[in-house]
2 protein chains.
Amino acid sequence: MNLKELAELLKLSQATVSRALNGYPEVREATRQRVLEAAQKYNYRPNTRAMGLATGKAMTIGHIIPTYSQNDVVNPVFGEFIAGASQTYSANGYELLLTVTQTSDENQTYRNLAAKGAVDGVIIHSPRKDDSRVQLLQDIGLPFVIHGRVNDTTLPYSWIDTNNRRAFNQATRLLIDLGHQRIALINGPVSLNYAWLRQQGYEQAMQAAGLPLDSAIMIGDELTETHGYRSANQLLNSEDPPSAFLVSSYVVALGVRRAIAHAGLSMGKDVSVIIHDDELSYFQNNDPEPQFTATRSSVRQAGVLAARMLLDIIDDPSCAPLTELLEAQLTIGASTGPLLPSARIKH
Amino acid sequence: MNLKELAELLKLSQATVSRALNGYPEVREATRQRVLEAAQKYNYRPNTRAMGLATGKAMTIGHIIPTYSQNDVVNPVFGEFIAGASQTYSANGYELLLTVTQTSDENQTYRNLAAKGAVDGVIIHSPRKDDSRVQLLQDIGLPFVIHGRVNDTTLPYSWIDTNNRRAFNQATRLLIDLGHQRIALINGPVSLNYAWLRQQGYEQAMQAAGLPLDSAIMIGDELTETHGYRSANQLLNSEDPPSAFLVSSYVVALGVRRAIAHAGLSMGKDVSVIIHDDELSYFQNNDPEPQFTATRSSVRQAGVLAARMLLDIIDDPSCAPLTELLEAQLTIGASTGPLLPSARIKH
DNA sequence: GTGAAAGCGCTAACAA
DNA sequence: TTGTTAGCGCTTTCAC
């Protein structure tokens with residue numbers, strides 16, 4: 001069923017039917033009712049492409065997920081983030097176009113998307129510390145919001161991010177308070193800005209406590225179990241093994257735990273582990289009630305907000321960049337042995 | 001830059017330029033070269049919507065992710081699956097439209113997508129044991145492939161799935177071989193078919209060994225850490241606690257481990273745990289070399305294949321349903337104490 | 001308050 | 001081999 005057929009059926013012009021459907025005021029109320037009913041009855045939906053052609057708007061937002069290596073792993077939080085964004089989109093009549101792209105040809109990806117007129121704006125994922133996409137998108141004139149931030153740029157842009165630096169600063173302080181001096185940081189790839197910020201938070205806490213920084217115990221790589229195992233294994237077998245691990249992502253932590261078990265050490269006794277994960281985290285301690293909070297919902301909320309921001313920008317492209325820094329809620333999962341309730345990090 | 005402008009620039013008709021670009025044979029080679037160069041130079045990309053309108057094809061595939069509760073969790077494997085599918089799509093000039101929908105209005109979602117002409121076909125995720133979507137999509141006439149299978153239907157349809165029943169049958173057998181008699185199954189929601197199949201595999205292995213089935217130790221719920229903790233905690237504190245856990249997904253396993261620690265038990269000694277996870281898994285034992293295989297790549301591969309199948313169906317709608325059953329590769333992660341190398345499950 | 005007609009950017013008959 | 005023309009389904013002036 002298309003407009004023409006619907007109009008013929010109603011013995012009205014396409015124009016009137018269109019106006020009635022789109023809420024234009026000049027349509028007589030009785031007519032509108034008639035149109036609405038018929039549309040309902042015949043399950044009429046305006047054709048997206050035709051509408052887009054006529055209005056010049058795609059009513060579509062692109063989400064672009066870069067993969068940095070051939071078999072790169074997709075960040076598990078994407079699912080939640082996108083679920084949140086999707087909610088905002090459908091509430092506003094937008095659709096979500098997902099593109100997975102290799103870093104090598106990512107510039108082309110953005111250019112194509114803009115040139116094809118496939119999207120009205122994009123959300124950028126996994127920003128690097130120094131990311132040329134900010135410049136590129138501003139050149140193209142495609143509205144965008146970054147999920148995360150870029151470090152090495154002076155250009156203004158819109159973003160939403162969790163406070164990674166603060167979260168890691170606090171987690172490091174917690175381990176220091178527990179008496180640890182040699183704390184390993186098992187991180188994501190430091191070329192990605194979130195990992196860089198996490199490292200900064202760690203470094204600041206260490207320095208503030210007068211503890212030395214040792215690049216040998218700060219290891220960044222893809223968020224895989226293998227990374228966790230290899231890194232922890234290597235460190236535990238080194239001359240001067242750490243007494244604690246601060247780990248990005250519970251997937252990596254699975255590997256760290258395995259290495260600890262493999263070394264015959266007892267977690268929470270011989271060695272402490274703190275996990276930060278955007279998606280899932282909990283306190284592991286001896287409370288009778290589980291101290292658990294999933295932060296999945298906050299990642300989803302970030303998606304909702306990011307989408308909202310982007311739609312606002314599209315509405316008013318001249319508006320100043322929008323930014324949003326979310327404090328991580330209870331995102332520290334710990335297996336530290338003598339973890340005291342008072343030491344718990346609330347955000 | 002659009003077709004019209006490009007054609008004027010080249011002093012050719014739009015038709016000729018279009019033909020040159022689309023590889024029609026009747027264009028003179030010299031002309032084609034001229035067109036191709038100009039297109040390249042001006043970074044011309046045909047407008048997707050206009051093309052779609054003219055051809056009647058959307059060149060877009062929809063992926064629909066149902067959420068069953070308000071704050072349902074998005075299955076972490078979606079990311080990998082979609083990354084794989086995306087690869088197939090871009091190689092064939094298709095785009096990926098992602099929709100997250102509530103189960104309550106999911107029928108409308110599919111109807112809308114079809115009526116709006118937004119997609120040429122869809123991939124269905126998270127099929128239920130008895131899923132009306134098969135019937136619905138066949139009624140609508142929208143080509144589709146299911147990621148997973150539906151149990152209670154006689155209708156033919158196309159699907160790709162991992163062999164969940166077999167994986168859980170083997171995992172259960174492994175635990176039985178290790179001497180366990182009371183094995184708890186901490187599963188996903190049994191209304192979802194994958195969980196149902198996993199349960200079947202478990203039940204068959206138990207029955208084949210002459211062991212009783214006890215519905216009190218088969219608990220299905222959302223794949224969250226909380227589910228794992230609560231279920232395991234309850235079972236460990238019951239009159240007749242299990243000596244082993246077979247767990248769907250490592251996220252759930254995190255909770256199970258926590259409950260075990262909380263009960264003062266030692267994992268792999270007092271109690272055994274086997275984890276099955278489509279996305280990530282490994283053997284945890286005492287081998288010097290980590291026995292680890294990530295199956296993320298196989299989920300991604302499933303995405304590649306599913307997309308390929310769907311495009312084939314769209315090409316030839318009259319073809320017979322395509323199906324693909326993937327054997328899980330080393331998808332059992334174990335923490336079983338006396339796990340012998342010979343007991344390892346290869347697929 | 002409603003209709004006729006032009007046009008969004010492209011493809012595909014049909015002509016030449 | 002190339003050009004002309006008529007749509008694809010919708011919105012939006014401009015008349016009435």
Side-chain angles (χ1 to χ4, degrees), chain A residues 1-39 42-60 93-95 112-120, chain B residues 1-36 38-39 42-60 93-95 111-120:
Chain A
M1 170 68 63
N2 60 24
L3 228 211
K4 195 176 167 196
E5 293 166 352
L6 190 63
E8 280 167 2
L9 226 104
L10 287 162
K11 303 209 187 305
L12 284 170
S13 72
Q14 295 185 34
T16 303
V17 177
S18 169
R19 279 187 286 241
L21 256 22
N22 292 313
Y24 282 61
E26 65 262 40
V27 180
R28 184 154 41 110
E29 208 40 50
T31 313
R32 188 192 305 285
Q33 282 312 322
R34 231 163 41 92
V35 172
L36 254 32
E37 272 166 33
Y42 296 103
N43 196 42
Y44 166 78
R45 306 282 150 189
N47 182 297
T48 325
R49 294 188 302 278
M51 218 164 139
L53 243 200
T55 58
K57 305 196 60 187
M59 295 307 281
T60 301
Y94 278 81
E95 318 222 276
N112 282 356
L113 234 39
K116 287 194 296 192
V119 298
D120 299 319
Chain B
M1 169 68 63
N2 61 24
L3 226 212
K4 193 175 167 197
E5 292 165 352
L6 190 64
E8 279 166 4
L9 226 103
L10 287 162
K11 303 209 187 307
L12 284 171
S13 73
Q14 295 186 33
T16 303
V17 176
S18 170
R19 279 187 285 242
L21 257 21
N22 291 316
Y24 281 59
E26 65 262 39
V27 180
R28 184 153 41 111
E29 207 41 51
T31 313
R32 188 193 305 282
Q33 282 312 320
R34 240 173 23 104
V35 172
L36 255 33
Y42 297 103
N43 195 42
Y44 166 78
R45 306 281 150 188
N47 181 298
T48 325
R49 294 188 300 279
M51 221 163 134
L53 245 201
T55 58
K57 305 197 59 186
M59 295 306 281
T60 301
Y94 278 80
E95 318 221 279
R111 288 220 141 81
N112 281 356
L113 236 38
K116 288 195 295 193
V119 298
D120 299 318

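Reckoned from all heavy atoms, side chains included, excluding hydrogens, waters and symmetry mates. Fair warning: this is a prediction, and the values are worked out from it, not measured in the lab. In what follows, chains are A, B, ... by sequence order, proteins preceding strands, each numbered from 1.
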**Prompt:** Can you list, by residue number, the residues of residues 15-28 of chain B that have a non-hydrogen atom closer than 4.0 angstrom to DNA chain C?
**Reply:** B:A15, B:S18, B:R19, B:N22, B:Y24
Identify each atom pair where a protein N or O and an N or O of nucleotides 6-9 of chain C are less than 3.5 Å apart, giving names and distance.
unit_1 : atom_1 : unit_2 : atom_2 : d
C:dC8  : O2     : A:A54  : N      : 3.3
C:dG9  : N2     : B:A50  : O      : 3.3

**Request:** Evaluate the criterion side-chain contact (heavy atoms from CB on, under 4.5 Å) for residue pair B:N2 and B:N47; output intermediate values, then yes/no.
**Result:** CA-CA 8 Å; B:N2 61 24; B:N47 181 298; over 6 Å; no
**Asked** Just by modelled atom types, is the A:E26 backbone N or O under 3.5 Å from a matching donor or acceptor in the A:R19 side chain?
**Response** no
**Item:** CA sep, side-chain torsions, deciding dist, call: A:L21, A:Y44, side-chain contact (heavy atoms from CB on, under 4.5 Å)
**Value:** CA-CA 10 Å; A:L21 256 22; A:Y44 166 78; 3.5 Å; yes
**Request:** Could you go through the side-chain contact (heavy atoms from CB on, under 4.5 Å) check for A:R34 and A:L10 one step at a time?
**Result:** CA-CA 8 Å; A:R34 231 163 41 92; A:L10 287 162; 4.0 Å; yes
**Derivation of the side-chain contact (heavy atoms from CB on, under 4.5 Å) call for B:L6 and B:M1** = CA-CA 7 Å; B:L6 190 64; B:M1 169 68 63; 3.9 Å; yes
**Request:** Find the distance A:E8:CD to D:dG9:C1' and express it as a whole number of Å.
**Result:** 13 Å
**Request:** Please check if atom CZ in B:R111 has more than 12 non-hydrogen atoms from other residues, nucleotides or ligands closer than 6.0 Å.
**Result:** no
**Request:** May I ask you to evaluate whether B:T31 reaches the phosphate of D:dT1, defined as a side-chain N or O under 4.0 Å from OP1 or OP2?
**Result:** no
**Request:** Return the value, rounded to whole Å, for the distance between atom NZ of B:K116 and atom C1' of D:dC10.
**Result:** 15 Å
**Request:** State, to 0.1 Å, how close A:M51 and A:P46 come at their nearest heavy-atom pair, and which atoms those are.
**Result:** SD-CB, 3.7 Å
**Prompt:** Between the main-chain N or O of A:Y24 and the side-chain N or O of A:R32, is there a donor-acceptor pair closer than 3.5 Å?
**Reply:** yes
